[in-house]
Amino acid sequence: MEFFDDAVNKAKEAIDVACKKTNEVVTVQKQKFDISALESKIAKDFQVLGEIYYNKLKNGGAEDEGAAELVASIDAKNEKIRKLKDEINNIRNKRVCPKCGAAIDKCSNYCNACGAKLVFDSDEDKKTEE
């Protein structure tokens, strides 16, 4: 009977150690998740800060020529992105809702995203009614 009791005690000790390790792992993973969430929030804050600075520079607050060149470069890239998105929409037979910017079917009377009523223009592009 003593052998059985020793085996049970050893099993309990092993289970206690395993539980402690499991709790440690769970705690560490939660902390890593919290760190990741905070880092993501910091990245978003930096993005917002960058956008604020970009808008300041774009509106004539350029303090140096390098910053002004960077603003022009960003503007050119944004224009290329807009053109590429327009090409994708044309390939997919879509248009962009002028109110919310969502991609919608060329034949839609209403925007599926924001519900804006759309009307045909003379060149058959849709616009929101004003």
Side-chain angles (χ1 to χ4, degrees):
M1 203 51 138
E2 188 175 317
F3 174 76
F4 183 71
D5 289 340
D6 285 343
V8 169
N9 287 335
K10 293 287 183 185
K12 285 181 182 179
E13 288 175 14
I15 289 172
D16 287 342
V17 169
C19 287
K20 284 182 183 178
K21 288 294 181 187
T22 301
N23 285 336
E24 288 175 12
V25 169
V26 169
T27 301
V28 167
Q29 289 304 318
K30 284 180 182 178
Q31 291 171 337
K32 285 183 178 181
F33 177 78
D34 290 344
I35 290 169
S36 178
L38 289 170
E39 288 173 340
S40 177
K41 288 178 182 180
I42 288 170
K44 287 178 185 178
D45 289 345
F46 274 122
Q47 179 183 358
V48 170
L49 181 62
E51 288 175 3
I52 291 168
Y53 186 65
Y54 165 80
N55 287 327
K56 178 183 174 191
L57 294 175
K58 185 172 180 166
N59 294 324
E63 298 166 1
D64 62 44
E65 192 164 318
E69 290 174 6
L70 190 56
V71 167
S73 174
I74 290 170
D75 288 344
K77 289 174 185 148
N78 279 330
E79 181 62 22
K80 286 180 183 178
I81 289 170
R82 187 194 61 76
K83 287 179 181 179
L84 291 169
K85 285 182 178 181
D86 286 347
E87 289 177 20
I88 290 170
N89 285 331
N90 284 335
I91 291 168
R92 291 182 174 165
N93 203 25
K94 301 274 185 183
R95 291 283 186 241
V96 174
C97 173
K99 184 172 182 182
C100 72
I104 53 177
D105 290 333
K106 285 184 179 180
C107 300
S108 293
N109 292 323
Y110 294 90
C111 175
N112 296 338
C114 71
K117 178 142 175 71
L118 306 168
V119 293
F120 284 104
D121 183 343
S122 61
D123 63 0
E124 300 204 15
D125 285 336
K126 295 184 178 182
K127 294 186 175 180
T128 53
E129 274 186 349
E130 305 209 17

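Computed from heavy atoms alone, side chains included, the values below leave out hydrogens, waters and symmetry copies. For clarity, every value in this text was computed on a predicted model and none was experimentally measured.
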Novice: State, to 0.1 Å, how close Ala103 and Asn89 come at their nearest heavy-atom pair, and which atoms those are.
Specialist: CB-OD1, 3.7 Å

Novice: Quick one: pull up CD1 in Ile88 and NZ in Lys85 and give me the separation to the nearest 0.5 Å.
Specialist: 8.5 Å

Novice: List in chain and number order the residues that pass side chain to side chain contact (heavy atoms under 4.5 Å, CB included) with Ile52, two or more places apart in sequence or in another chain; answer none if no residue qualifies.
Specialist: Val48

Novice: When you compare the side chain of Tyr54 with that of Ile74, does any pair of heavy atoms fall below 4.5 Å?
Specialist: yes

Novice: Could you state the interatomic distance from CZ (Arg92) to CG (Asn90), rounded to the nearest 0.5 Å?
Specialist: 11.5 Å

Novice: Test of understanding: with salt bridge (Lys or Arg N to Asp or Glu O under 4.0 Å), list the residues that count as partners of Lys21, not counting sequence neighbours.
Specialist: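 Lys21: salt bridge (Lys or Arg N to Asp or Glu O under 4.0 Å) contacts with Glu24.
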
Novice: Name the atoms and distances for all side-chain donor-acceptor pairs under 3.5 Å in residues 10-17, with sequence neighbours left out.
Specialist:
none

Novice: Kindly write out the residues that satisfy side chain to side chain contact (heavy atoms under 4.5 Å, CB included) with Val26, not counting sequence neighbours, or none if the list is empty.
Specialist: Thr22, Lys30

Novice: Please enumerate all residues that pass side chain to side chain contact (heavy atoms under 4.5 Å, CB included) together with Lys32, with sequence neighbours excluded.
Specialist: Val28, Gln29

Novice: Answer yes when Arg95 and Asp105 have at least one side-chain N-carboxylate O distance shorter than 4.0 Å, and no when they do not.
Specialist: no

Novice: When rounded to the nearest 0.5 angstrom, what is the spacing between CG in Asp45 and NZ in Lys41?
Specialist: 9.5 Å

Novice: Please tell me whether Ser73 and Lys77 have a donor and an acceptor in their side chains that are separated by less than 3.5 angstrom.
Specialist: yes

Novice: For Ile104 and Leu118, which heavy atoms make the closest approach, and how far apart are they?
Specialist: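 Where Ile104 meets Leu118 most closely, the heavy atoms are CD1-CD1, 3.1 Å.
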
Novice: Compare every heavy atom of Cys111 with every heavy atom of Cys114, then report the nearest pair and how far apart it is.
Specialist: N-SG, 3.4 Å

Novice: Of all residues at least two apart in sequence or in a different chain, which pass the side chain to side chain donor-acceptor pair (under 3.5 Å) check with Arg82?
Specialist: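 Partners of Arg82 by the side chain to side chain donor-acceptor pair (under 3.5 Å) criterion, ordered by chain and then number, come out as Glu79, Asp86.
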
Novice: Quick one, Asp75 with Lys58, criterion side-chain contact (heavy atoms from CB on, under 4.5 Å). Give me CA distance, side-chain angles, the key distance, then yes/no.
Specialist: CA-CA 9 Å; Asp75 288 344; Lys58 185 172 180 166; 3.3 Å; yes

